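Working notes, structure below.
Small disclaimer: the values here were computed from a predicted structure and weren't measured. Quick note on labels: first sequence line is chain A, next is B, and so on, each numbered from 1.
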Number of protein chains: 2
Amino acid sequence: MATIKQVASKAGVSVSTVSRYITHKGYVSAEAEVKIKKAIQDLNYSPNISAQSLKSKKSNLVGLLLPDISNPFFPMLAKGVEEFLREKGYQLILGNVNEDREIIKSYLQFLVQSNAAGVITTVDFKEEFPEFDLPAVTVDRVGKKSEFGVFADNSQGGFLAAKAVVEAGAQHIAVVRGPLTTDNTNERFSSSITYLNQADVNYQVFQSMSYDFSEIQAEAEELLKGKERFDTIILPSDVHAVAYMQEIHRLNKHIPEDIQLIGYDDILMSKYVSPALSTIHQPAYEMGHEAAQLIYKLANNQSIDQKQIKLKVFYVERGSTRKIKENENE
Amino acid sequence: MATIKQVASKAGVSVSTVSRYITHKGYVSAEAEVKIKKAIQDLNYSPNISAQSLKSKKSNLVGLLLPDISNPFFPMLAKGVEEFLREKGYQLILGNVNEDREIIKSYLQFLVQSNAAGVITTVDFKEEFPEFDLPAVTVDRVGKKSEFGVFADNSQGGFLAAKAVVEAGAQHIAVVRGPLTTDNTNERFSSSITYLNQADVNYQVFQSMSYDFSEIQAEAEELLKGKERFDTIILPSDVHAVAYMQEIHRLNKHIPEDIQLIGYDDILMSKYVSPALSTIHQPAYEMGHEAAQLIYKLANNQSIDQKQIKLKVFYVERGSTRKIKENENE
DNA sequence: GTGAAAGCGCTAACAG
DNA sequence: CTGTTAGCGCTTTCAC
């Protein structure tokens, strides 16, 4: 690796001139510029990032801490973050944190130690780890106390899901609540419940404990073998819905005739399972993109008009819900 | 951020003693140790990574450059890399490079400038960008010239796929070749062809140009509306297979009765589409894990017994291929 | 065992 | 417009 010193001597100028050239700060004569350009070329020089960052106390690293990158919802979000950041010249540090506080902590530690420009997390850590002082925006699972957040309209989503199944004739509904009691799940859930309460239907609530496929399947088995016969299940995620779907198939029941299903997220897979999954679409890519933009503004002291960005969701009707309103008994 | 100097003065020792304590190199008396420990605690000190890396000319960053993180095969691989690296105290820099040479180049640039410990890529760049001198291991799409590589047994995979469909009674086969003419796709392909040649079947070859879902669907439409009637299609990936599946459904044909399908990769989704997709299982997580381990050894000058690691693949029979041997005419 | 001091590569006053 | 210089925070001889 060539250094700025070598470039300077090769170009016959001082290091500060080279530095000025590189950082585009201060004046550099045309002749000097030519010589420097050539020297850089010849030496295949590029500035040492550690040295730059040591000096400037800044780096262009941005962390993205995700609960589980193999959950299909998150890669899309990551892509949104990555593409925005790359254009702005930032680098993404990806962390797969499994909800594990220690892992989260060690990533935050690293980011702080690296003078990172900021971090995008799925869970607000400011309360738990106030010692890590770096620009942060929460995505998806945005809580009341998060200062900066990007999330989808959960209350609208919960409402739409409940409305969709009720209008499709649901009478006896199982509402499966998401595994985390994070604000986003809570909101969706209570919004669904509010709708259900005012509608003329029966429902019962179940609590899921996991986003892991096989664990969800076990829960599904449990729910389905209970004495209650449901004609509709509202699920907290598409991963849940697909797992339930499998289980329902295994019992030789028909979707949506015997049981209708509605998911949440609209992951890629949902379109291709059979029947295709009706669900609430969340703009994962956009969430990532917006979050990255917020971090960017934060890191560059740009004015922020909206600290909390709420994105729209919408209902996607596919094959797992019934098309027309109809009454059925159990 | 506290500095080592502050810790030193607070502990009443010199910076070098603190440094020795931190790096576990050289002697530190028990008393000094206690005082330093306390000072670090009080000041919530952690070493500045830029300074460390400037001095040591090393960093614990490892790049992982992936073609498309929203392609479900890669997140599993990424997870394998991430989990190994995290345990060893390295940080993952994730790049979503879209096969774009410029993006790849800029990531490599960054990694070199950061004294990164190494990079794991899906495509060997040594030939195209020899100027980037850092430990590299190629995963998945490992070519002949890659020095360090982790890949699945493509030739075995291609063979297994062809064998599976032939044994299930294939007579008229469309072999869709993967979009990249990378060594892995080539190997699979020619291995399938070799098998097909010695079997008593007809086949025809098609070339796919994309991993993008909707583009594949267009290709599928093209292939299926041709005058040739195939009873079997061998696809280069599960994403391809799922896209074809959709298209076949749309034409109201039955899988596997009218057409049988075999994919490649065994992504999560394959189990849950309908019918479930028969495919060749590739150990994505393990590939990532092994690649990370190689990088780790490389970065730490450990002896490497195997520069090229070939992982096993196996056939997963599910619903998209016929169970028993049977003859059919078009 | 410990501290003083040099220096990693870069930037930013500052003087010219 | 340019060069000299100090110093970012850390590690590492080398004397003591």
TODO: Please indicate whether K297(A) has more than 12 foreign heavy atoms, meaning atoms of other residues, nucleotides or ligands, lying under 6.0 Å from its NZ.
DONE: yes
Open item on the list: With a sphere of 6.0 Å drawn around NZ of K126(A), does it hold more than 12 non-hydrogen atoms of other residues, nucleotides or ligands?
Closed with: yes
Open item on the list: Within the 4.0 Å heavy-atom criterion, would you say Y21(A) contacts the bases, only the backbone, or no part of the nucleic acid?
Closed with: nothing
TODO: Determine the stems involving DNA chain D; a stem requires 3 or more consecutive pairs of the Watson-Crick or G-U wobble kind, each with both distances below 3.5 Å, and the answer is none if no such run exists.
DONE: C:1-16 with D:1-16
Open item on the list: Rounded to whole Å, please give me the gap between OH in Y45(A) and C1' in dG9(C).
Closed with: 7 Å
Open item on the list: So, applying side chain to side chain contact (heavy atoms under 4.5 Å, CB included) with V97(A), which one of I104(A), T121(A), I69(A), V123(A) is it?
Closed with: I104(A)
Task: Under-4.0 Å side-chain N/O to phosphate OP1/OP2 contact, S14(B) with dG3(C) - done: yes
TODO: Please answer whether the main-chain N or O of S114(B) pairs with a side-chain N or O of S59(B) as donor and acceptor at a distance below 3.5 Å.
DONE: yes
- [ ] For L54(A) and dG7(C), give me the distance from atom CG to atom P, rounded to whole Å.
- [x] 17 Å
Task: Distance in Å, F129(A) CZ paired with R101(A) CZ, rounded so as to fall on 0.5 Å steps - done: 5.5 Å
TODO: Could you tell me the separation between the CD1 atom of I22(A) and the P atom of dC10(C), rounded to a whole number of Å?
DONE: 7 Å
- [ ] Starting from P on dG9(D), measure out to CD1 on I49(A) and report it in whole angstrom.
- [x] 19 Å
Open item on the list: Tell me the interatomic distance from K5(B), atom NZ, to dG3(C), atom P, rounded to whole angstroms.
Closed with: 15 Å
Open item on the list: Could you tell me how far apart Y27(B) (OH) and dG3(C) (P) are, to the nearest whole angstrom?
Closed with: 17 Å
Task: K145(B), NZ: over 12 other non-hydrogen atoms inside 6.0 angstrom - done: yes
Task: Q52(A) side chain near dG9(C) phosphate (N/O to OP1/OP2, under 4.0 Å) - done: no
Task: Residues K79(A) and D68(B) bridged, charged N to O under 4.0 Å - done: yes
Open item on the list: Expressed as a whole number of angstroms, how long is the span from H24(B):NE2 to dT11(D):C1'?
Closed with: 14 Å
- [ ] Using atom CD of Q113(A) as one end and atom P of dC8(D) as the other, report the distance to the nearest whole Å.
- [x] 19 Å
Open item on the list: Between E187(B) and K144(B), does any NZ, NE, NH1 or NH2 come within less than 4.0 Å of an OD or OE carboxylate oxygen?
Closed with: yes
- [ ] Would you tell me if any nitrogen or oxygen in the side chain of S53(A) comes within less than 4.0 Å of OP1 or OP2 on dC10(C)?
- [x] no
Taking only N/O atoms, report every protein-nucleotides 12-14 of chain D pair under 3.5 Å with atom names and distance.
none

Open item on the list: With a 3.5 Å distance limit and no angle check, can you tell me whether N48(B) reaches the backbone of S50(B) through a side-chain donor-acceptor pair?
Closed with: yes
Task: Proximal nucleotide (of dT11(D), dG9(C), dG1(C)) relative to the I4(B) side chain - done: dT11(D)
